[in-house]
Amino acid sequence: MRQSLKDREHLLRMLALLVAAIAVFLFVRSIAVPKDYGRFGPFRASALDDIAAMPVVFAGHSACEECHSDVVEARQGSKHTQIHCEICHGPAAAHAADPTASKPARPDGRELCLNCHVINVARPADFPQINPREHGDEGPCTACHPHHHPEP
Amino acid sequence: MDRRDFLLKGGKLIWLTGSAMVAWEAVLAGEPETAPNYKLTDHWWAMAIDIGLCIGCGSCVRACKEENGVIKEPFFFRTWVERYHVPHGDIERPEVDSPNGGYDGFPEKYPPQDGSKNFFVPKLCNQCAHSPCVQVCPVGATFESPDGVVLVDKEYCLGCRYCVQACPYGCRYIDPRSGTVDKCSLCYHRIRRGLTTACCEACPTGARRLGDLKDPNDPIHEFLRDRRVQVLKPQMATGAKVYYCDLDGSVR
């Protein structure tokens, strides 16, 4: 028995090496792999919170409406009520956080309107469109169409 | 030591080393933190797009770039708008253009009433439930979140571009600033805070609307039930969750 074991000493050494290699692998793996890896699937679970922590730039129309109830009232009955404030005035999260820090833009009363309403065959046919060369006098649209309630 | 002894001792050694490591990993992992107000398993995000309402103003493209800090140069978009021009209704040969992704709107290009079909199609990541881009990522940097959004872990991304090729919808690009991939995250930072996406907030006609398929009161269920809807490239079986109403056969 003793003799046969001695013959297999080289096998024992290989086995010891294998066990050591497995131990080293598991040890390195436990350090290299983030602790939350695989919690929801094959990815780093805390990446979800990292992405969710990005700052918001557009405050959202409900944030605007909290303070600017006069504008909400002025827009009553207009076809433009579904157009959120920041579409025309630009992102306003900084303004919502501190109203004195920054003022949202006062947009151009012609460029902005034409953005949506200039004639284009690819727009839905029932969407109100104008040819700026034929309609009006090339002045600001807001001269005839009040900005928050543009219907005549 | 006889053979029996050897097998027993060797077996114990292997068993104990492995289990100790597993136990240690569990100790390292600690208690799973719980998100305070947002439960990942309570949501399954999708988007509803009504092509018949899109006027091609490019408001969504501009808002998306502002919100997500997308590089302002052309060719880098998380969302963009395409203009389709289908002469004589030949859906096999549409002319598609998207000048600067629609960022500056669409200058009139086609004459009216020339017998062609013209419309705009807003595009973005389809938030596939069985996403090809996720399947090819070699390092687990892109993944389907438990609430149904395909996201990119920028810390893990190698910039190998495999996912850029795998996406059948062309929704990914390499951000030249970081060398990592970027794509629509469905404004994940906004929806986690209870806000809608920047593009939906910026859409003047309500052509695009964010929806939560796990919320039984969400209007998206009405949209999916009452309208004729389709996803892009259904033959790819990607489980796309951006539902288009009024989708023409020429749209690729």
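Every chain is numbered from 1, with letters handed out A, B, ... down the list of sequences.
The minimum heavy-atom distance linking A:Asp50 with B:Glu155 is given by the pair OD2-OE2, 3.8 Å. For the residue pair A:Pro91 and B:Glu66, the shortest heavy atom distance occurs at CG-OE1, 3.9 Å.
With chain B as partner, the option from A:Pro124, A:Ala63, A:Ala52 having the largest number of non-hydrogen pairs under 4.5 angstrom is A:Ala52. Between chain B and the residues A:Pro34, A:Ser62, A:Gly90, A:Ala93, the largest count of heavy-atom pairs under 4.5 Å involves A:Pro34. Ranked by heavy-atom pairs shorter than 4.5 Å toward chain A, the options B:Tyr84, B:Phe143, B:Tyr156 are led by B:Phe143.
Proximity to chain B involves both the backbone and the side chain of A:Val56, based on heavy atoms less than 4.5 angstrom apart. Contact annotation for B:Val152: only backbone heavy atoms (N, CA, C, O) come within less than 4.5 Å of a heavy atom of chain A. Contacts between B:Val139 and chain A at a heavy-atom distance below 4.5 Å involve the backbone alone (N, CA, C, O). With a 4.5 Å cut-off on non-hydrogen atoms, B:Cys54 touches chain A through its backbone but not through its side chain. The part of A:Leu15 that comes within reach of chain B is its side chain, from C-beta onward, which places non-hydrogen atoms under 4.5 angstrom from that chain. Contact annotation for A:Phe127: only side-chain heavy atoms (C-beta onward) come within less than 4.5 Å of a heavy atom of chain B. In this structure, chain B has a heavy atom under 4.5 Å from the backbone of A:Ala59, while its side chain stays farther away. Contact of A:Pro42 with chain B is made through the backbone alone, with heavy-atom distances under 4.5 Å. The part of B:Pro146 that comes within reach of chain A is its side chain, from C-beta onward, which places non-hydrogen atoms under 4.5 angstrom from that chain. Proximity to chain A is absent for every atom of B:Ile191, based on heavy atoms less than 4.5 angstrom apart. The parts of B:Ile55 that come within reach of chain A are both its backbone and its side chain, each placing non-hydrogen atoms under 4.5 angstrom from that chain. Of the two parts of B:Asp114, neither the backbone nor the side chain holds a non-hydrogen atom closer than 4.5 Å to a non-hydrogen atom of chain A.
No donor-acceptor pair closer than 3.5 Å links the side chain of B:Arg192 to the backbone N or O of A:Ile51.
Listed by sequence position, A:Gln82, A:Ile83, A:His84, A:Glu86, A:Ile87 are the residues of residues 70-88 of chain A in contact with chain B, using a 4.5 angstrom heavy-atom cutoff. Scanning residues 196-203 of chain B against chain A with a 4.5 Å heavy-atom cutoff picks out B:Ala198, B:Cys200, B:Glu201, B:Ala202, B:Cys203, ordered by number. Below 4.5 Å, heavy atoms of chain B meet heavy atoms from A:Asn115, A:Cys116, all part of residues 104-117 of chain A.
Counting heavy atoms from C-beta on, the side chains of B:Tyr38 and A:Leu48 never come closer than 4.5 Å. Two residues are said to be in side-chain contact when any heavy atoms from C-beta on lie closer than 4.5 Å; A:Phe40 and B:Asp147 fail this criterion. Counting heavy atoms from C-beta outward, A:Phe43 and B:Leu151 have side chains that stay 4.5 Å or more apart. Within the 4.5 Å cutoff, the side chain of B:Tyr188 has no heavy atoms near those of the A:Met54 side chain.
Here the CZ-CZ distance, from B:Arg3 to A:Arg8, works out to 5.0 Å after rounding to the nearest 0.5 Å.
No more than 12 heavy atoms of other residues, nucleotides or ligands lie within 6.0 Å of OH in B:Tyr162, so this atom counts as exposed by the packing criterion. More than 12 heavy atoms of other residues, nucleotides or ligands sit less than 6.0 Å from atom CZ of B:Arg177.
Listed by first and then second residue, the ring pair (Phe, Tyr, Trp, His ring centres under 6.0 Å) pairs involving residues 96-118 of chain B are B:His85-B:Tyr110, B:Phe106-B:Phe120 (not counting sequence neighbours).
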